[in-house]
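The structure presented is a predicted model; accordingly, all values stated were derived computationally and were not measured. The chain is numbered in sequence order, starting from 1.
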Amino acid sequence: MATTAHLFEEPFDADEYIERLAWRTPGGGSKGGAEAFDPKRLLEEFQNHIEELKQLDEKIQRKVEKLEHQCHREAKEFAHKVQDLQRSNQVAFQHFQELDEHISYVATKVCHLGDQLEGVNTPRQRAVEAQRLMTYFNEFLDGDLRSDVFNNPDKIKEAADIIQKLHLIAQELPFDRFADVKAKIASKYHDLERQLIQEFTAAQRRGEIGRMREVAAVLLHFKGYAHCVDVYIKQCQEAHVKEKLDGTRHSDVEQYLKNLYDLYTRTTGLATKLTEFNLGSDKHTFLSKLIKSIFSSYLESYIDMEREYLRTRGAMILQRYYDSKNHQKRPVGAGSIQDLKERIRQRTNLPLGPSIDTHGETFLSPELVVNLLQETRHAFERCHRLSDPSDLPKNAFSIFLLLVDHLCVEHIDYALEIGLSAIPSPDAKNANLYFLDVVQQANSIFHLFDKQFNDQLMPLISSSPKLAECLHKKKEVIEQMEVKLDTGIDRTLNCMVGQMKHILATEQKKTDFRPEDENNVMIQYTTACSKVCAYVSRQVEHVRKSMDGKNVDTVLTELGIRFHRLIHEHLQQYSYSSMGGMLAICDVAEYRRCAKDFRVPLVLQLFDTLHALCNLLVVAPDNLKQVCSGEQLTNLDRNLLHAFVQLRVDYRSARLGRHFS
């Protein structure tokens with residue numbers, strides 16, 4: 001194995017190196033190898049290899065010494081070069097120092113020369129400027145502005161500089177001698193100031209920011225510079241407001257009103273925050289005028305657009321509802337013969353033709369009502385914010401009148417008219433009575449109307465003369481509705497009584513109270529009584545669902561009185577045997593049980609008295625006088641008692657009339 005330096009490169013392992021050397025030597029391997037182990041040969045190989053390593057070491061050592069010698073020589077040469085460079089650098093630094101001193105000396109001379117030149121030139125420039133200003137001053141003194149600078153619009157910047165300086169000079173002149181020229185300069189000063197502000201405004205509208213900056217720099221030396229700031233702020237607001245409002249003013253009134261309310265509210269809110277800063281003693285007046293100047297053209301026409309929008313929107317909501325019902329609104333109070341007949345029929349029980357069949361439709365819509373009230377609520381909010389305080393009550397009242405027209409007249413009142421027209425005549429058979437449903441919904445709607453009146457309208461008018469007008473209008477509307485409601489309820493009660501009368505006429509037989517077999521009566525009360533009580537119970541429940549508060553007792557009291565009158569008159573149409581009288585008492589007892597559902601003491605008392613009267617139909621003749629003197633009958637008219645006794649079949653045979661002679 002040749003001995004070279006690369007065999008000793010890192011990582012070097014001596015054991016591995018010896019092992020490789022022994023392995024490659026013939027006879028130097030293990031005893032089980034191809035050749036027999038020869039230790040002499042291996043020793044000889046090791047000795048030879050050691051000699052080679054010594055020679056290699058000497059060779060490498062000589063090479064190292066040569067490189068070290070070369071390195072020392074180059075290091076000395078490099079050190080000499082560095083020393084030379086340091087000496088050159090020192091020389092250059094000295095030269096730079098000398099140059100810097102020379103530059104400083106020259107600069108000092110130049111500054112001194114400049115000061116001398118300025119000292120000579122400044123008075124000269126001032127003299128030239130003074131001469132130029134005197135020339136322009138003479139033009140004002142003569143009253144003839146001949147210079148191009150005052151007549152050329154393109155030189156307004158130069159003219160502004162001149163007039164601003166002349167204005168300062170004029171203020172130092174005595175008034176008695178130069179009053180005229182001072183006035184002319186002041187006039188030109190204000191005229192140029194106005195032109196500059198107009199130019200600034202025009203540049204802002206054109207979006208020329210560079211021109212705005214240029215004009216603002218000129219105006220900076222004028223007294224009206226603050227006005228320039230105001231114009232800038234106002235113009236920014238007007239541009240934004242105009243963009244938001246003008247685009248929808250005629251195409252989308254609803255969005256226009258929303259945008260106007262939103263912008264005005266945000267602007268006034270911003271003004272409130274700005275008052276916290278030091279904007280001067282009259283900051284409130286300043287901000288109010290600024291807001292008014294921005295929105296004045298919109299606020300002047302606000303209430304007209306609000307009313308027109310509500311009028312159109314309300315009519316659209318109403319029409320959309322009636323279209324959904326496939327209903328063509330009937331003209332109410334048009335003066336036709338049919339309307340006259342209808343009004344007569346509504347207020348009387350005369351049969352002037354069939355009633356209108358509404359198929360159970362009340363023509364009252366909670367959804368429609370919510371939409372109208374919602375629109376009106378938004379209108380009241382806008383009115384409160386956008387109206388001038390002096391016009392607020394008047395504007396709020398005009399919105400209220402529109403609500404009354406749409407909700408109370410066009411919807412509730414119309415539904416009541418239709419409901420009245422749909423009430424059948426009292427003699428109609430199996431009539432469906434929907435007017436109580438109309439009453440129920442009308443009451444619910446009017447509660448919502450009344451709530452909006454108190455919550456949103458009252459705060460706007462409470463301290464103004466319009467309060468009396470609003471309350472009067474509300475009272476007038478309520479009274480008109482109550483008249484129709486009372487008329488409809490009265491006619492509905494008549495129909496209920498008519499239906500009871502029809503049941504009694506068709507179901508009650510004369511033999512019910514004069515049975516052929518007195519000893520074989522197995523019923524507790526008659527079929528007519530059962531059906532009437534069932535009908536009355538349904539109507540009582542209907543009334544309770546349709547009314548509220550004291551109205552329930554009032555209507556049920558009236559129904560109970562009419563129910564009692566009907567039964568009282570009905571019983572007087574028959575003659576009664578002893579068993580028939582007992583059956584009549586059972587019927588009245590059932591009627592009295594039904595009357596308890598009314599929960600009206602007067603009605604129950606009437607049926608208690610009627611029950612006591614029916615006892616006269618069965619009591620023994622000798623006990624008649626005693627019964628008539630009882631607690632429940634003692635205060636009744638004797639003729640009434642006698643009339644009931646006359647209904648007995650044994651009245652003549654038993655000579656019962658003698659008890660009332």
Side-chain angles (χ1 to χ4, degrees), residues 1-122 125 203-204 206-217 220 232 236:
M1 182 176 65
T3 304
T4 57
H6 75 275
L7 292 175
F8 302 96
E9 292 179 355
E10 293 294 337
F12 176 74
D13 188 345
D15 293 338
E16 183 183 358
Y17 181 79
I18 297 298
E19 187 66 30
R20 283 203 313 271
L21 180 62
W23 182 260
R24 296 184 181 186
T25 301
S30 63
K31 293 181 179 181
E35 296 184 28
F37 177 69
D38 188 353
K40 291 182 178 180
R41 191 171 181 178
L42 182 61
L43 176 61
E44 183 181 352
E45 182 65 27
F46 278 168
Q47 290 174 345
N48 294 333
H49 197 74
I50 290 171
E51 288 298 325
E52 292 178 1
L53 290 175
K54 288 180 179 179
Q55 295 174 6
L56 179 62
D57 180 62
E58 292 174 358
K59 182 179 179 180
I60 292 173
Q61 188 63 34
R62 288 194 298 271
K63 188 175 181 180
V64 168
E65 290 175 356
K66 181 179 178 181
L67 290 174
E68 286 179 349
H69 179 72
Q70 183 179 354
C71 182
H72 286 305
R73 188 180 69 252
E74 290 180 356
K76 289 180 180 179
E77 293 176 357
F78 181 75
H80 288 305
K81 290 181 180 179
V82 169
Q83 289 176 356
D84 292 340
L85 289 174
Q86 286 179 340
R87 285 193 293 272
S88 300
N89 184 59
Q90 187 67 30
V91 173
F93 179 74
Q94 291 176 355
H95 290 169
F96 278 122
Q97 255 187 338
E98 294 173 358
L99 180 61
D100 182 61
E101 292 174 358
H102 187 65
I103 290 173
S104 299
Y105 174 77
V106 172
T108 303
K109 290 291 185 180
V110 169
C111 290
H112 179 66
L113 181 60
D115 292 340
Q116 289 180 333
L117 290 174
E118 185 178 3
V120 174
N121 189 53
T122 299
Q125 285 183 338
Q204 185 177 2
R206 295 191 301 266
E208 298 177 358
I209 298 178
R211 179 59 176 166
M212 290 168 58
R213 186 184 296 111
E214 182 182 346
V215 175
L220 181 62
Y232 174 74
C236 288

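- Within the 4.5 Å cutoff, side-chain heavy atoms of Gln70 are placed close to those of Glu74.
- Within 6.0 Å of the CG atom in Leu67, the count of heavy atoms belonging to other residues, nucleotides or ligands exceeds 12.
- The only option from His69, Lys63, Gln61 that meets the side-chain contact (heavy atoms from CB on, under 4.5 Å) definition with Glu65 turns out to be Gln61.
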| field | Test log, rule side chain to side chain contact (heavy atoms under 4.5 Å, CB included), inputs Glu52 and Leu56 | value | CA-CA 6 Å; Glu52 292 178 1; Leu56 179 62; over 6 Å; no
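- Distance CG/Leu42 to NZ/Lys40: 13.5 Å, rounded to 0.5 Å.
- Taken from CG in Asp57 to CZ in Arg62, the straight-line distance is 10.0 Å, to the nearest 0.5 Å.
- A distance-only check finds a donor-acceptor pair linking the side chain of Asn48 to the backbone of Glu44 [under 3.5 Å].
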Hey, can you pull the donor-acceptor pairs under 3.5 Å for the side chains in residues 81-108, sequence neighbours left out?
unit_1	atom_1	unit_2	atom_2	d
Asp84	OD1	Arg87	NH2	2.0
Ser88	OG	Asp84	O	3.0
Ser104	OG	Asp100	O	3.0
Thr108	OG1	Ser104	O	2.8

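- You'll find the side chain of Gln47 reaches within 4.5 Å of the side chain of Leu43, heavy atoms only.
- Judged as a salt bridge (Lys or Arg N to Asp or Glu O under 4.0 Å), and not counting sequence neighbours, the contacts of Glu16 are Arg20.
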